[in-house]
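Nothing here was measured: the structure is a model prediction, and the numbers come from that model.
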Amino acid sequence: MAGFIAQMRQKNQQSYRDIERLSGGLDHAYVWRLEKGDKGMPSAATIDKLSLALRLNTRQMQVFQLLTRTPIENSLCRLMLAREDLPWEDFEPVATMSFRDNCPCTEEGWLRLVEMVRSLQRRETAPA
């Protein structure tokens, strides 16, 4: 989550003071500590304020909210942000899976897993 906040802030060329001003009062030092991983998970109200200040689009907001619930491997996070053409419903189950040393570590590997889960979901909903 810390890396995501930093990435979005830098992408928007925002300073910590900008975030403080746009968020309606989140302390700039608190945002800095969140980015550095020195603070735990923020409250729902803080997530909302950060989302507004960072000007997150719908997909970015979905990724941010998911990151507050579970860690996401970096290549999957990049893929979820880059591939807005793929429905969020295809990503969320994959992001919350647990792996035993066989976690995909490339975007291609994650795409294969997304397709496999999508195929299984279609089978489950297909009439018998």
Side-chain angles (χ1 to χ4, degrees):
M1 182 195 64
F4 178 82
I5 294 170
Q7 178 186 1
M8 293 296 109
R9 185 182 61 77
Q10 291 165 2
K11 178 182 172 205
N12 293 333
Q13 299 179 338
Q14 294 171 305
S15 69
Y16 294 109
R17 296 278 183 185
D18 292 335
I19 299 299
E20 180 177 48
R21 182 176 43 77
L22 293 168
S23 69
L26 285 179
D27 183 63
H28 67 279
Y30 174 73
V31 176
W32 181 84
R33 288 192 301 273
L34 276 175
E35 275 193 21
K36 302 305 174 209
D38 293 342
K39 284 290 186 184
M41 288 299 166
S43 68
T46 298
I47 292 167
D48 290 342
K49 288 179 180 183
L50 276 171
S51 298
L52 179 66
L54 292 168
R55 301 180 181 125
L56 301 182
N57 66 28
T58 301
R59 178 56 63 93
Q60 292 165 339
M61 173 76 98
Q62 290 167 322
V63 170
F64 187 34
Q65 289 174 343
L66 185 60
L67 282 166
T68 64
R69 296 192 312 268
T70 186
I72 301 173
E73 200 273 330
N74 287 337
S75 60
L76 177 58
C77 191
R78 284 192 306 272
L79 183 66
M80 289 189 298
L81 291 169
R83 293 294 306 269
E84 291 190 44
D85 58 307
L86 295 173
W88 178 251
E89 296 75 27
D90 290 350
F91 281 119
E92 194 166 16
V94 171
T96 56
M97 286 180 171
S98 61
F99 298 91
R100 292 187 184 179
D101 300 325
N102 292 327
C103 179
C105 58
T106 65
E107 292 180 16
E108 294 78 21
W110 285 109
L111 280 172
R112 283 192 299 275
L113 188 55
V114 164
E115 186 51 44
M116 184 178 73
V117 169
R118 189 185 310 171
S119 173
L120 290 171
Q121 288 173 332
R122 278 193 299 251
R123 266 194 241 158
E124 286 178 0
T125 59

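Heavy-atom minimum distance, Ser51 versus Met61: OG-SD, 3.1 Å. Counting all heavy atoms, side chain and backbone alike, Arg59 lies closest to Leu81 at CG-CA, 4.4 Å. Taking all atoms of both residues into account, the shortest heavy-atom contact from Ser75 to Glu107 is O-CG, 3.5 Å. Nearest heavy-atom pair across Pro42 and Leu34 is CD-CD2, 4.2 Å. For the pair Gly109 and Thr106, the tightest heavy-atom approach, listed with the atom from each and the gap, is N-OG1, 3.0 Å. Looking at every heavy atom in both residues, Leu113 comes nearest to Pro104 through CD2-CG, 4.0 Å.
You'll find the side chain of Thr58 stays beyond 4.5 Å of the side chain of Trp88, heavy atoms only.
Under a hydrophobic-cluster definition in which Ile, Leu, Val, Met, Phe, Trp and Tyr are linked whenever side-chain heavy atoms come within less than 4.5 Å, directly or via other members, Tyr16 and Leu52 are assigned to different clusters. Linking Ile, Leu, Val, Met, Phe, Trp and Tyr residues whenever their side-chain heavy atoms come within less than 4.5 Å places Phe64 and Met8 in a single cluster. Placement of Ile47 and Met1 within a single hydrophobic cluster is found when ILVMFWY residues are connected by side-chain heavy-atom separations under 4.5 Å, directly or transitively.
In this structure, CG in Leu50 is found 5.5 Å from CD1 in Ile5, a value given to the nearest 0.5 Å. To the nearest 0.5 Å, atoms CZ (Phe4) and CG (Leu66) are separated by 10.5 Å. With rounding to the nearest 0.5 angstrom, the CZ atom of Arg55 is 8.0 Å from the CD1 atom of Ile19. In this structure, the separation between NZ on Lys39 and CH2 on Trp32 is 11.5 Å, given to the nearest 0.5 Å. Rounding to the nearest 0.5 Å gives a distance of 5.0 Å between CG of Leu76 and CH2 of Trp110.
Comment: Arg17 engages Glu20 in a salt bridge, judged by a side-chain N to carboxylate O separation of less than 4.0 angstrom. For Asp85 and Arg83, the salt-bridge test passes: some basic side-chain N is under 4.0 Å from an acidic carboxylate O. Salt bridge status for Glu92 with Arg69: present, with a side-chain N to carboxylate O gap under 4.0 Å.
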Chi angles and distances behind the side-chain contact (heavy atoms from CB on, under 4.5 Å) call for Glu115, Asp90: CA-CA 8 Å; Glu115 186 51 44; Asp90 290 350; over 6 Å; no

Criterion side-chain contact (heavy atoms from CB on, under 4.5 Å) on Asn57 and Gln62, from CA distance to verdict: CA-CA 9 Å; Asn57 66 28; Gln62 290 167 322; over 6 Å; no

Stepwise side-chain contact (heavy atoms from CB on, under 4.5 Å) check, Thr96 with Ile72: CA-CA 8 Å; Thr96 56; Ile72 301 173; over 6 Å; no

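Counting only distance, with no hydrogens or angles, the side chain of Gln65 and the backbone of Gln60 share no donor-acceptor pair below 3.5 Å. Side-chain atoms of Asn12 come within 3.5 Å of backbone N or O of Leu54 as a donor-acceptor pair.
Shown here is Lys11, whose NZ atom has no more than 12 heavy atoms of other residues, nucleotides or ligands within 6.0 Å.
Ser15 and Asp18 form a side-chain donor-acceptor contact under 3.5 Å, judged by distance and modelled atom types alone.
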